[in-house]
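Computed over heavy atoms, backbone and side chain alike; hydrogens, waters and symmetry mates excluded.
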Amino acid sequence: MNQHSRLMALLAAGIAAACSGAYAATVPQGAALAQKQELVRNNGSEPASLDPHKVESDVEFNIISDVFEGLVAVKRDGSIEPRLAEKWDNQNNTVWTFHLRKGITWSDGEPMTAEDIVWSWQRLVDPKTVSPYASYPANMNIENAADIANGKKPPSSLGVKALDDNTVQVTLTQPTAAFLSMLAHPSLVPIDKTAVQRFGDKWARPEHFVGSGAYKVVDWVVNEKVVGERNKRYWDDAHTVINKVTWLPISSETADVNRYKAGEIDITNTIPINQFAQLKKTLPEEVHVSPLLATYYYEFNTSRPPFNDARVRRALNMALDKDIIADKVLAQGQRPAWVLSQPEIGGAKIAPPGYASWPREKRIAEAKKLLEAAGFNAQHPLQFNLLYNTMESHQRIAIAASSMWQKNLGVKVKLQNQEWKTMLDTKHTGNFEVVRYSWNADYDDASTFLNNFRTGDSQNTSRFSNADYDNALANAAKAADAAERGKYYQQAETILAEEAPAIPLYHYVRTHLVKPWVGGFYSNNLGYFYTKDMYILKH
């Protein structure tokens, strides 16, 4: 067996050995490890922050998931795994009591207590924090969370309390089927009150950083790298193998692959659309394609004319040929999207709108009628700006979509691009007409997508509001089982298909190039892969 085949065999053994799904490195028996246990992974963009309460995307959560720990994690089989909490119990699925592991500490050695959890969650929902995830605890139905986020009650009234140093009690206003899965989200990791109060907005910088995960941030050079070193005080450090991890903010997919080929990167952030077929042919063992609960979409600012008119929004949705975008522009296994959540998620099946199955010519004809009724025609064409964050694939998709709109409807689109952090600011201040965005599921349930269009949600940057839609989501949250939840989610998706506050383009897959000596690599259906799961084989 040559060295490459040996590495492939060891890697396969590592995957098999890790099938239990526990979040820890599982090195197969007989595997020879490299002396230097260091990993370099491209993260795609410069993180906006490493404060879990100030961020909203996988750009930041990829790193946060390595340097902070939550109460629980979701295993590969969908079951819940104890992390900072070693066990829990509940009464009537509304009062949940979590028992923390004895002796857990922050990365600086100070004890971590139940009060840290309480303070962190209060900070998350506090309107003064201005967290993009301020609505998340309310979506979990934690007592008083919605009123706190809306400024009606103080953060201290949140239904989370410390019974003693090792016990946290969470009170819900009603049972929430996805509660434990939602609990695993990175926005709910505890953060160190002392560090935040001492250093303010700079507490997550390397010189002040205090975390709870397998790694701690030791270096951060803006637009160059973030570096993590193994946290020897991590409660599960005995099952960590990699000693150092470097996250790179390379937004150019071509540069990402070039540096991978040059041996400077172990795991790419993605694989460029125009290189995928060739790389699959030349490096088949190193191309990884994983299912992903995520949707790529164009979001409208529904508060700004002409996109305050649902006819205009729906016309633009109907005039896109999403099969071409998924199968020709991307061609990596993505699926054309006509629902904003997923066709199958959390045990529920969501049907697309009727017009999704119409012949393309019929959809375009109907779209022209809608635009005409809204006052747009060849003499008075619709014109707007389409904003996307800087990346080759986003540009290619935007060019394809704008060409379709021009050809099919005579619409004139001006393309704009901004760096990731700038685009997020533009999006949240409402200074846009149409913006490219995507949503990776926070948990395996349609509500993780649909809540973003609910009235008053902190992620509702489209400013869409519909009482029937809100009621459908409220009823889904009370539903007894997946089948009943699915019925209400279908109602919500039907409203989105008619009102079109956003245009779903495709449902994702996740693609990476991974060096053959990286063992334990596994990307879950939420798109996360954890450095603490991995190890470097001798090569």
Side-chain angles (χ1 to χ4, degrees), residues 56 70-72 74 78 80 88 90-96 98 121 124-125 131-150 152-153 157-160 169-185 187-188 293 295 339-351 439-460 462 464-497 499 501-502 526:
E56 58 185 296
L71 292 179
V72 302
V74 180
I80 306 299
W88 53 87
N90 80 83
Q91 300 172 17
N92 302 319
N93 291 317
T94 56
V95 179
W96 292 80
F98 296 88
W121 292 11
L124 172 63
V125 297
S131 173
Y133 272 84
S135 298
Y136 192 76
N139 295 341
M140 299 169 76
N141 295 305
I142 296 179
E143 189 177 60
N144 294 329
D147 284 343
I148 296 167
N150 291 324
K152 297 177 181 178
K153 289 184 179 179
S157 67
L158 186 67
V160 183
Q169 187 178 84
V170 183
T171 302
L172 309 183
T173 55
Q174 65 180 56
T176 305
F179 174 71
L180 285 175
S181 297
M182 296 179 77
L183 192 60
H185 191 263
S187 65
L188 293 176
L293 294 176
T295 304
V339 296
L340 277 156
S341 58
Q342 299 280 304
E344 294 186 19
I345 184 170
K349 292 185 177 182
I350 312 294
W439 192 259
N440 285 27
D442 292 323
Y443 49 95
D444 191 1
D445 189 81
S447 60
T448 183
F449 294 92
L450 302 179
N451 285 335
N452 295 343
F453 299 94
R454 195 176 60 176
T455 304
D457 193 277
S458 55
Q459 287 287 353
N460 187 356
S462 70
F464 175 69
S465 181
N466 181 291
D468 291 337
Y469 181 83
D470 297 342
N471 287 335
L473 293 187
N475 288 331
K478 300 173 187 174
D481 54 40
E484 189 181 356
R485 284 202 307 278
K487 181 180 72 173
Y488 292 115
Y489 291 148
Q490 185 68 67
Q491 291 177 9
E493 284 280 11
T494 299
I495 292 169
L496 291 182
E499 296 290 319
L526 302 182

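- Using a 4.5 Å heavy-atom threshold, the side chains of Asp457 and Asn139 count as touching.
- For the atom pair CD1 of Ile495 and CG of Asp470, the computed distance is 8.5 Å after rounding to the nearest 0.5 Å.
- In summary, the side chains of Asp442 and Tyr133 do present a donor paired with an acceptor at a separation below 3.5 Å, with no hydrogens or angles considered.
- For the pair Leu526 and Asn440, the minimum side-chain heavy-atom distance is 4.5 Å or more.
- For Gln174 (side chain) and Ala477 (main-chain N/O), a donor-acceptor pair under 3.5 Å exists by modelled atom type.
- Note that the NZ atom of Lys152 and the OG atom of Ser157 stand 12.5 Å from one another [nearest 0.5 Å].
- Between Gly346 and Ala482, the closest heavy-atom pair is O-CB, 3.7 Å.
- In this structure, the separation between CD on Glu484 and CG on Asn475 is 8.5 Å, given to the nearest 0.5 Å.
- Between the NE2 atom of His185 and the OG1 atom of Thr448 there is a distance of 7.0 Å, given to the nearest 0.5 Å.
- Ring geometry for Tyr469 versus Phe464: interplanar angle over 60°, hence perpendicular rather than tilted (30 to 60°).
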- Item | side-chain contact (heavy atoms from CB on, under 4.5 Å) assessment of Glu493 paired with Ser341 | CA-CA 8 Å; Glu493 284 280 11; Ser341 58; 2.6 Å; yes
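- Two residues are said to be in side-chain contact when any heavy atoms from C-beta on lie closer than 4.5 Å; Tyr136 and Met182 meet this criterion.
- Side-chain contact check for Asn92 and Thr94: no donor-acceptor pair (N or O, by modelled atom type) lies under 3.5 Å.
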- Item | Full working for side-chain contact (heavy atoms from CB on, under 4.5 Å) between Leu188 and Met140 | CA-CA 11 Å; Leu188 293 176; Met140 299 169 76; 3.7 Å; yes
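- Residues Gln491 and Thr494 form no side-chain contact, since every pair of their non-hydrogen atoms from C-beta on lies 4.5 Å or further apart.
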- Task: Could you go through the side-chain contact (heavy atoms from CB on, under 4.5 Å) check for Leu450 and Leu496 one step at a time?
- Result: CA-CA 9 Å; Leu450 302 179; Leu496 291 182; 3.8 Å; yes
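- Looking at Trp88 and Leu183, their side chains never come closer than 4.5 Å, going by heavy atoms from C-beta outward.
- Atom CG of Asp147 sits about 11.0 Å away from atom CG of Leu158, to the nearest 0.5 Å.
- Rounding to the nearest 0.5 Å gives a distance of 8.0 Å between CD1 of Ile345 and OG1 of Thr295.
- Between Trp96 and Asn90, the closest side-chain pair of non-hydrogen atoms falls below 4.5 Å.
- Residues Ala145 and Pro137 come closest through the heavy atom pair CB-C, 3.7 Å.
- For the residue pair Ser462 and Asn460, a side-chain donor N or O sits within less than 3.5 Å of a side-chain acceptor on the partner.
- Using a 4.5 Å heavy-atom cutoff, the side chains of Glu499 and Phe453 are not in contact.
- Contact between Ser135 and Ser458 at its shortest, heavy atoms only, is OG-N, 2.8 Å.
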- Task: Take Asp445 and Tyr489, measure what side-chain contact (heavy atoms from CB on, under 4.5 Å) needs, and give me the verdict at the end.
- Result: CA-CA 10 Å; Asp445 189 81; Tyr489 291 148; 2.4 Å; yes
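- When all heavy atoms of Leu124 and Ser187 are compared, the closest pair comes out as CD2-O, 3.8 Å.
- The aromatic rings of Phe98 and Phe179 sit tilted, their planes meeting at an angle between 30° and 60°.
- Considering all non-hydrogen atoms of both residues, Ala351 and Val339 come closest at O-CG1, 3.7 Å.
- Residues Val95 and Gln169 have side chains in contact (heavy-atom distance under 4.5 Å, counting atoms from C-beta outward).
- Here the closest non-hydrogen pair linking Asn141 and Pro175 is ND2-O, 4.5 Å.
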